[in-house]
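Along the sequence shown, the residues carry numbers beginning at 1. Note: hydrogens, waters and symmetry copies are ignored here, and every other heavy atom, side chains too, is used.
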Amino acid sequence: MSAARQHAVRRPAVRRHASGLETISVTVGDAAVPLFESALASVCTTVGIFEADDSQCVWRIEGVKDIGQGEAELERTLTLARLMTGLDAPLVRERTEAEGWLARTYEAFPEQHAGRRFAIRGTHLDRSASRARLTITLDAGIAFGSGEHGSTRGCLRALEDVAHRRPRRILDMGCGSGILAMAAAKLLRRPVLAVDIEPWSVRVTASNAAMNGLGPLIKTRHGNGWSTPAVRAHAPYDLVFANILARPLCRMAEDLARHLAPGGTAILAGLLNTQARMVLAAHRRQGLVLEQSYREGDWTTLVLRRRDGWRDR
């Protein structure tokens with residue numbers, strides 16, 4: 001199975017687990033993902049979203065927690081998610097070996113090379129940066145977007161190919177770990193506005209930006225998509241990243257087109273190869289044109305431009 005939103009997690013706590021660990025999971029359709037993700041994130045030290053059935057847009061959300069911890073809160077948030085979605089979504093539990101868990105997490109996150117220019121390294125690795133690549137440091141298992149997922153890799157490849165336009169106003173919509181915002185800031189040396197609906201993603205992005213010496217270039221905001229005041233205030237944008245999910249991308253197509261500058265570029269990801277045509281059609285109806293597409297395994301990244309006022313920068 002492929003991860004759908006790579007490592008949508010909070011920072012693992014480095015502590016003793018006297019009671020042991022367990023993995024809890026639910027399987028739901030894509031429309032229910034945000035509510036059940038939030039329910040598990042209320043008690044879990046790490047939460048991930050994985051593709052369960054790509055033909056039916058079904059996802060498995062799983063988290064790791066101390067056995068017995070936060071049971072009342074978990075029951076409350078799951079009940080709320082079930083009521084709001086109308087889904088029963090039974091909770092599955094599996095005991096997880098605590099000994100060496102964090103070490104195994106680190107081993108699963110070696111240095112990642114993406115595109116021609118980028119290297120992503122966990123803080124558990126030595127600090128010697130590659131001279132041949134722009135190095136971004138991220139904790140293993142921190143927020144979603146740590147460099148190994150096809151959506152992230154496709155976005156980084158696309159960024160390299162449009163960098164010659166030297167975009168001045170840049171937005172990372174749904175920033176997750178902040179990896180795309182940091183990549184743009186590091187490559188272009190331009191300010192980036194990074195926005196997410198999840199407060200902990202905003203905090204993680206700010207922390208990562210500071211850790212990578214990019215704090216002055218990356219402004220973080222918590223908000224709900226294009227209705228976020230800061231997003232509207234800084235428009236129009238020369239470059240927009242939106243690495244989220246296919247259906248939200250379709251719903252946001254009109255707002256994206258409205259907030260792109262003439263000749264502006266949008267890099268869209270988080271969509272399976274089978275969903276690319278649907279997402280592209282939604283944006284073509286808004287006057288955007290396909291410039292390039294990238295495939296990384298099961299995932300497609302689309303590069304779109306606003307037709308009016310087109311010019312190569």
Side-chain angles (χ1 to χ4, degrees), residues 4-6 8 30 33-34 49 143-145 149-163 165 167 169-185 188 190 192-198 201-202 205 218-228 230-232 234-261 263-273 275-296 299-306:
R5 290 171 59 188
Q6 175 61 28
D30 59 352
V33 166
I49 305 173
F144 53 88
H149 191 260
S151 289
T152 305
R153 299 176 73 86
C155 287
L156 294 175
R157 289 174 59 195
L159 170 62
E160 291 176 341
D161 288 345
V162 304
R165 295 177 186 143
R169 289 158 295 183
I170 305 171
L171 171 67
D172 185 1
M173 177 67 77
C175 56
S177 67
I179 186 171
L180 299 179
M182 290 188 291
L188 301 169
R190 299 284 193 186
V192 182
L193 176 61
V195 178
D196 204 288
I197 196 170
E198 296 286 356
S201 285
V202 176
T205 294
I218 297 178
K219 180 183 296 184
T220 57
R221 290 291 184 272
H222 172 241
N224 186 8
W226 293 102
S227 65
T228 306
V231 170
R232 294 181 178 274
H234 288 82
Y237 296 96
D238 302 302
L239 175 62
V240 173
F241 295 101
N243 183 11
I244 44 180
L245 292 172
R247 282 179 171 77
L249 285 174
C250 291
R251 291 194 294 268
M252 296 165 68
E254 182 178 356
D255 283 324
L256 170 62
R258 184 185 303 121
H259 290 88
L260 266 184
T265 304
I267 298 175
L268 309 183
L271 51 142
L272 294 163
N273 297 333
Q275 299 169 324
R277 184 175 298 179
M278 173 183 71
V279 174
L280 178 57
H283 289 81
R284 278 179 166 161
R285 287 194 290 269
Q286 304 303 323
L288 302 186
V289 296
L290 176 67
E291 186 172 71
Q292 181 63 278
S293 64
Y294 302 82
R295 283 198 174 193
E296 290 276 349
W299 303 88
T300 292
T301 297
L302 301 176
V303 179
L304 306 175
R305 293 196 80 180
R306 182 171 159 177

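From R165, atom CZ reaches atom CG of L188 across 11.5 Å, with rounding to the nearest 0.5 Å. Separating the CG atom in L260 from the CG atom in L304 is a distance of 8.5 Å, to the nearest 0.5 Å. Here the CG-OG1 distance, from L159 to T301, works out to 11.5 Å after rounding to the nearest 0.5 Å. Note: Q292 CD to R305 CZ = 13.0 Å, rounded to the nearest 0.5 Å. Residue S293 holds its OG atom at 11.5 Å from CG of L268, rounded to the nearest 0.5 Å. How far OG of S227 is from CZ of R232: 6.5 Å, rounded to the nearest 0.5 Å.
In this structure E296 satisfies the side chain to side chain donor-acceptor pair (under 3.5 Å) test together with R157, sequence neighbours excluded. Residues passing the side chain to side chain donor-acceptor pair (under 3.5 Å) test with R247 are D30, sequence neighbours excluded. The salt bridge (Lys or Arg N to Asp or Glu O under 4.0 Å) test applied to R221 returns no partner, not counting sequence neighbours. Among residues two or more places apart in sequence or in another chain, the side chain to side chain donor-acceptor pair (under 3.5 Å) test is passed with E254 by R258. Among residues two or more places apart in sequence or in another chain, the side chain to side chain donor-acceptor pair (under 3.5 Å) test is passed with T300 by N273.
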For residues 278-288, which side-chain donor-acceptor pairs fall under 3.5 Å, sequence neighbours excluded?
from : atom 1 : to   : atom 2 : distance (Å)
H283 : ND1    : V279 : O      : 2.8

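For R169 (side chain) and P236 (main-chain N/O), a donor-acceptor pair under 3.5 Å exists by modelled atom type.
With contacts defined as side-chain heavy-atom distances shorter than 4.5 Å, the pair L302/L271 qualifies. Looking at heavy atoms from C-beta onward, Y294 lies in side-chain contact with D161 at the 4.5 angstrom threshold.
For the pair Q275 and A246, the tightest heavy-atom approach, listed with the atom from each and the gap, is OE1-CB, 3.4 Å. Nearest heavy atoms, N243 versus G270: OD1-N, 3.2 Å. Heavy-atom minimum distance, C175 versus S201: SG-O, 4.5 Å. Closest non-hydrogen pair, A184 versus F241, comes out as CB-CE1, 3.9 Å.
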Verdict with supporting geometry, L180 and I267, side-chain contact (heavy atoms from CB on, under 4.5 Å): CA-CA 10 Å; L180 299 179; I267 298 175; over 6 Å; no
Step-by-step side-chain contact (heavy atoms from CB on, under 4.5 Å) determination, L171 to H234: CA-CA 9 Å; L171 171 67; H234 288 82; over 6 Å; no
Audit row: W299, L272, side-chain contact (heavy atoms from CB on, under 4.5 Å) steps and yes/no: CA-CA 5 Å; W299 303 88; L272 294 163; 3.7 Å; yes
Working for side-chain contact (heavy atoms from CB on, under 4.5 Å), residues W226 and M173: CA-CA 8 Å; W226 293 102; M173 177 67 77; 3.7 Å; yes
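Of the listed residues (T205, I244, T228, V202), just one forms a side-chain contact (heavy atoms from CB on, under 4.5 Å) with D196, and that residue is V202. Among T220, V231, N224, the one residue that satisfies the side-chain contact (heavy atoms from CB on, under 4.5 Å) test with V195 is V231.
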